[in-house]
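See below for the structure under consideration.
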Number of protein chains: 2
Amino acid sequence: MLAAQACEKLRSAILEGRLPPGTPLSRRRLAEEMGMSAVPVGEAIRRLEGEGLVESRPRAGTRVRIATVDEVHGNYVLREALETHSARLFAESATAVDAARLLTAAAKVDASYNSLAMRRGYSPERRARTERTHIAFHMRIAKAAGVPVLTNAIERSRVLLFNWVFSASSEFEPMPERWHRDLAEILVSGHPDEAARAMRAHVQYRQEEVIARFRALAVESSGPGRMTRGPQRNSR
Amino acid sequence: MLAAQACEKLRSAILEGRLPPGTPLSRRRLAEEMGMSAVPVGEAIRRLEGEGLVESRPRAGTRVRIATVDEVHGNYVLREALETHSARLFAESATAVDAARLLTAAAKVDASYNSLAMRRGYSPERRARTERTHIAFHMRIAKAAGVPVLTNAIERSRVLLFNWVFSASSEFEPMPERWHRDLAEILVSGHPDEAARAMRAHVQYRQEEVIARFRALAVESSGPGRMTRGPQRNSR
DNA sequence: CTGTATAAACTGATGTATCAGTTTTGAAGA
DNA sequence: TCTTCAAAACTGATACATCAGTTTATACAG
């Protein structure tokens, strides 16, 4: 199916940063680049719009979504709701195997971040790899509950936040050395309320800071009143 | 925009029960009925698919979504996560006006349900009206936090559950007489943890019962292996 | 040089036609 | 009566053409 193929290409291009927020997306240009008609491209764009990665105004244009500060904050709230519950479910129902693997994953995440924070330990590739490890850690918690609906909701929220906030967090700042191990140990201890509380603190950590930085970078976008396009050069 | 119009028509038709789960949806037939081409209808269907109200297999057909037991359970889990957090936020930040209005709304919901449970108090219209009042009560809690992302997520989850479970809950069963007033009183008392706990109990109330009933009614659907169509009669 | 109006270029939205895959139908064979 | 299977009918997917609305470019007036 061509539409699914176009959707996947666009999604990965956006999430890998090759199409940063605000980039104009033309159905026709994309169709030509991908060697297909404008219809499947339009379908792909429609789907990405439903996921929140893209926004379009009728007959004006489509672009990679530029989130507002409220939306970033809203997704943090949403993520707090979802991951807090995810942690609770983990504490209630995780098996010994789940627990052991979570501790291992937490150690890996901490090691990656600590290594990244060291002098001359930073590189964009390592940063990207570390972020993937980090996401895998959180998704492991979610998957332990065996509820795909919850897992998917968490992943959607994380994807959006990552994409929107990535530009605002270009500079890496270290976190507590045992940040994820401490969290994992509380989760595996089997007390739902404490697990939920620990996850809440984890999600809220530096949240306001990130939002403030995002707000500072978002002052220029004066809303979606106008949909910018590229220069026009064809036939004249 | 024709697509939006078609989308709205289809959505309301599904949610009002005129197109029960499993009903085949043909782009062409719908296009003819609505006086438009198949393209905007297809776009509308694609959007409803993203919302989970509709499902389609390529070149086989489209139908109103038939949920699996796992999906119903998953949406209950999701709703628990979202509404629990919503209650917590309400307890943390609701104003006195919010609190007063919530108590009023709770009284109205209880009154409606109690009246419905009385001998000869039941009618489908009253039932529908009561359910709307009930949903409005929960959405009022969510809206008090002022986070549209959360509110929308809750509404989506509630819409899906309502549509899927409605057929399984045709017979109305009474609930505790002060069920919503008790919840509201805890929420307005301003203790986040207690508010969350109360909402958790509220969402879980009779959840297993409803799921069991849904499972009993869902035995016949042997998965989406085949996409059924209506009879064929044109030209022969 | 600056502001403004007008035309060109571009955009998404929609209609029509066609393709390839799936389901239904119904007749032929057991 | 029951099973088999091929053609008909129907489905969603896609291409192409066109329409109406928006943005950009440019000529022109100040």
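Each chain gets a letter, A, B and so on, in the order the sequences are listed, and its residues count up from 1.
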Q) Taking only residues two or more places apart in sequence or in another chain, which ones pass side-chain contact (heavy atoms from CB on, under 4.5 Å) with A:Arg65? A) A:Glu55, A:Glu71, A:Trp164

Q) From the list C:dT24, D:dG12, D:dT24, which nucleotide is the closest neighbour of the side chain of B:Thr228? A) C:dT24

(Q) Applying a 4.0 Å non-hydrogen cut-off, can you work out what A:Thr62 is touching in the nucleic acid: base, sugar-phosphate, or nothing? (A) sugar-phosphate

Q. Which atoms form the tightest heavy-atom contact between B:Val210 and B:Tyr76, and what is the distance?
A. CG1-OH, 3.7 Å

Q.
Tell me whether A:Arg88 is salt-bridged to B:Glu80, with the criterion being a basic N under 4.0 Å from an acidic carboxylate O.
A. no

Q. Where along residues 22-37 of chain A does a heavy atom come under 4.0 Å from DNA chain C, residue by residue in number order?
A. A:Leu25, A:Ser26, A:Arg27, A:Arg28, A:Arg29

Q. Side chain of B:Arg229: nearest nucleotide among C:dG12, C:dT24, D:dT24?
A. C:dT24

Q | Minimum-distance nucleotide (side-chain atoms of A:Gln232 versus C:dT24, C:dT14, C:dC10) | A | C:dC10

**Q.** Nucleotide nearest A:Arg59 (side chain, heavy atoms from C-beta), chosen from C:dA13, D:dT23, C:dG21
**A.** C:dA13

Q. Taking 4.0 angstrom as the limit, do A:Glu49 and A:Arg46 come out as a salt bridge?
A. yes

Between side-chain atoms of residues 139-153 of chain B and protein atoms elsewhere (two or more places apart, or another chain), which donor-acceptor pairs fall under 3.5 Å?
from	atom 1	to	atom 2	distance (Å)
B:Thr151	OG1	B:Val147	O	3.2
B:Asn152	ND2	B:Pro148	O	3.3

Q: Keeping the roles fixed (side chain from A:Thr23, backbone from A:Pro20), state whether a donor-acceptor pair exists under 3.5 Å.
A: yes

Q: Decide, yes or no, whether a salt bridge links B:Arg158 with B:Glu155 under the criterion of side-chain N to carboxylate O below 4.0 Å.
A: no

Q) Which of residues 38-53 of chain A sit near DNA chain D, with a heavy atom under 4.0 Å from it? A) A:Val39, A:Pro40

Q. Which comes earlier along DNA chain D counting from the 5' end, the contact point of A:Met1 or that of B:Gly61, where each point is its nearest nucleotide?
A. B:Gly61

Q: Run the numbers on B:Arg206 and B:Met175 for side chain to side chain contact (heavy atoms under 4.5 Å, CB included), then give the verdict.
A: CA-CA 9 Å; B:Arg206 285 201 318 208; B:Met175 55 187 65; 4.3 Å; yes

Q: Look at the aromatic rings of A:Tyr113 and A:His134 and report parallel, tilted or perpendicular, splitting at 30° and 60°.
A: perpendicular

**Q.** Short N-O contact, A:Glu131 and A:Arg127, less than 4.0 angstrom
**A.** yes

List every contact pair, protein side and nucleotides 4-6 of chain C side both N or O, where the distance is under 3.5 Å.
none

Q.
According to salt bridge (charged side-chain N to carboxylate O under 4.0 Å, His left out), does anything in residues 20-40 of chain A pair up with another residue at least two apart or in another chain? List the pairs.
A. none

Q: For A:Met227 and D:dT24, give me the distance from atom CE to atom C1', rounded to whole Å.
A: 15 Å

(Q) If you assign each of B:Pro231 and A:Pro231 to its closest nucleotide in DNA chain D, which residue comes earlier from the 5' end? (A) B:Pro231

Q | Nucleotide D:dC10, atom C1' - distance to CZ of B:Arg226 in whole Å | A | 14 Å

